[in-house]
Amino acid sequence: MIVVTGATGGVGAEVVRGLVESGHRVRALSRRPDELAVPAGVETARADLADAESLAAAFAGGTALFLYSTFGDPAIPVAAARAAGIARIVLLSSAAVRDGADDPIARHHRAVEQAVESSGLAWTHLRPGGFASNARWLAPQVRDGVVRLAYPQVGTAPIDPADIAAVAVRALTEDGHAGRAYPLTGPEWLTQADEIRILSAALGVPLRVEQVDPEAEIAVLTGSIPERFARGRLEIQAAMVDQPSSVVDTVERLLGRPARTFAEWAATHATEFK
């Protein structure tokens with residue numbers, strides 16, 4: 001039985017789907033299990049990563065665990081996994097750890113990684129950079145035709161969450177991944193302005209980028225995401241002005257196919273912006 005936390009999330013839901021398609025038994029967890037839409041045959045259960053009692057039942061009988069970086073105490077789910085007899089943890093971490101950043105997001109993910117590594121269990125860290133799906137945060141502005149950005153020329157190599165999930169499925173079900181920390185990116189480096197241009201083409205509508213100061217972008221973003229995430233996003237972007245992110249081929253090496261482009265993601269999800 002493979003246990004998947006955060007199964008309502010973009011990556012977790014894809015991990016569940018990929019495990020089922022490859023013939024594995026899956027238990028999908030969420031604090032709101034009634035909101036889970038899972039394939040037939042998948043067990044569901046309520047679990048709160050800050051609640052050891054809920055995890056004892058949710059992890060029971062599990063052999064491997066897909067874990068996202070909880071913003072609570074990481075020692076709680078790690079101890080629960082060990083007590084349940086889980087042998088392998090695949091952690092959804094962040095490229096911020098790989099890049100040696102010293103911001104709240106990097107410090108948080110580094111602490112979770114350290115908790116997992118000290119568990120004595122086999123572990124694999126997935127360290128993706130910017131998600132292609134982060135473009136959803138801009139959806140209200142895209143619908144208005146004007147996207148306000150503090151750092152339009154800062155870029156990443158955005159990765160499709162489905163590619164992160166596909167790597168996770170490999171690490172959860174195959175040998176040879178223990179003790180590895182995998183950097184994950186999409187196949188091409190794009191500025192935020194590039195992403196808006198690609199979205200414009202996918203939607204078939206003109207979009208204009210307007211450069212604003214960071215506080216103005218934070219004010220706009222908080223309509224879509226919590227303020228702490230908006231501020232963390234802008235802190236990372238400010239640090240990247242003179243340090244562009246790199247592109248790595250981990251997805252292609254592990255999956256035997258190229259990583260999906262941002263244009264492919266945009267075409268698949270265009271209706272979400274209309």
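Count residues from 1 along the sequence. Note that the structure is predicted; figures quoted are calculated from it, not measured.
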Does a salt bridge link [X] with [Y], judged by any charged N lying under 4.0 Å from a carboxylate O?
X    : Y    : value
D48  : R31  : no
D175 : R170 : no
E113 : R110 : no
E210 : R208 : yes
E21  : R17  : no
E272 : R136 : yes

Report yes if the side chains of [X] and [Y] come closer than 4.5 Å at any heavy-atom pair, otherwise no.
X    : Y    : value
V15  : L19  : yes
P187 : D249 : no
F59  : L29  : yes
T191 : V154 : no
E217 : L221 : yes
V248 : L184 : no
L172 : H177 : no
F262 : D160 : no

Shortest non-hydrogen contact from [X] to [Y]?
X    : Y    : result
A238 : Y151 : CB-OH, 3.5 Å
Y68  : L91  : C-CD1, 4.2 Å
S22  : V169 : OG-CG1, 4.1 Å
G176 : Y182 : O-OH, 4.2 Å
V209 : P152 : CG1-CB, 3.9 Å
P158 : F131 : CB-C, 4.3 Å

Between L190 and I164, is there a shared hydrophobic cluster once you connect ILVMFWY residues whose side-chain heavy atoms come closer than 4.5 Å?
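No, separate clusters.
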When clusters are formed by joining ILVMFWY residues with side-chain heavy atoms under 4.5 Å apart, either directly or through shared neighbours, do L254 and F66 land in the same one?
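In one cluster with L254: F66, yes.
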Apply side chain to side chain contact (heavy atoms under 4.5 Å, CB included) to the pair S54 and R46, showing each step before the final yes or no.
CA-CA 7 Å; S54 75; R46 179 192 172 277; 3.6 Å; yes
Please step through side-chain hydrogen bond (donor to acceptor under 3.5 Å, both in side chains) for the pair S93 and H125, ending with a clear verdict.
CA-CA 6 Å; S93 185; H125 301 327; 5.9 Å; no
Checking side chain to side chain contact (heavy atoms under 4.5 Å, CB included) between P77 and each of V112, I89, L65, L67, which is the one that passes?
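Running side chain to side chain contact (heavy atoms under 4.5 Å, CB included) over V112, I89, L65, L67 with P77 returns exactly one hit, L67.
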Enter the distance from T63:OG1 to R25:CZ here, rounded to the nearest 0.5 Å.
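Answer for the OG1-CZ pair, T63 versus R25, is 8.5 Å.
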Does atom CZ of R143 have more than 12 heavy-atom neighbours from other groups under 6.0 Å away?
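Enclosed: over 12 neighbouring heavy atoms sit under 6.0 Å from CZ of R143.
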Are more than 12 heavy atoms from other residues, nucleotides or ligands located less than 6.0 Å from atom CD of E53?
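Atom CD in E53 is not crowded, with 12 or fewer foreign heavy atoms closer than 6.0 Å.
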Take V220 and T222 through the side chain to side chain contact (heavy atoms under 4.5 Å, CB included) test and state the conclusion after the steps.
CA-CA 6 Å; V220 172; T222 51; over 6 Å; no
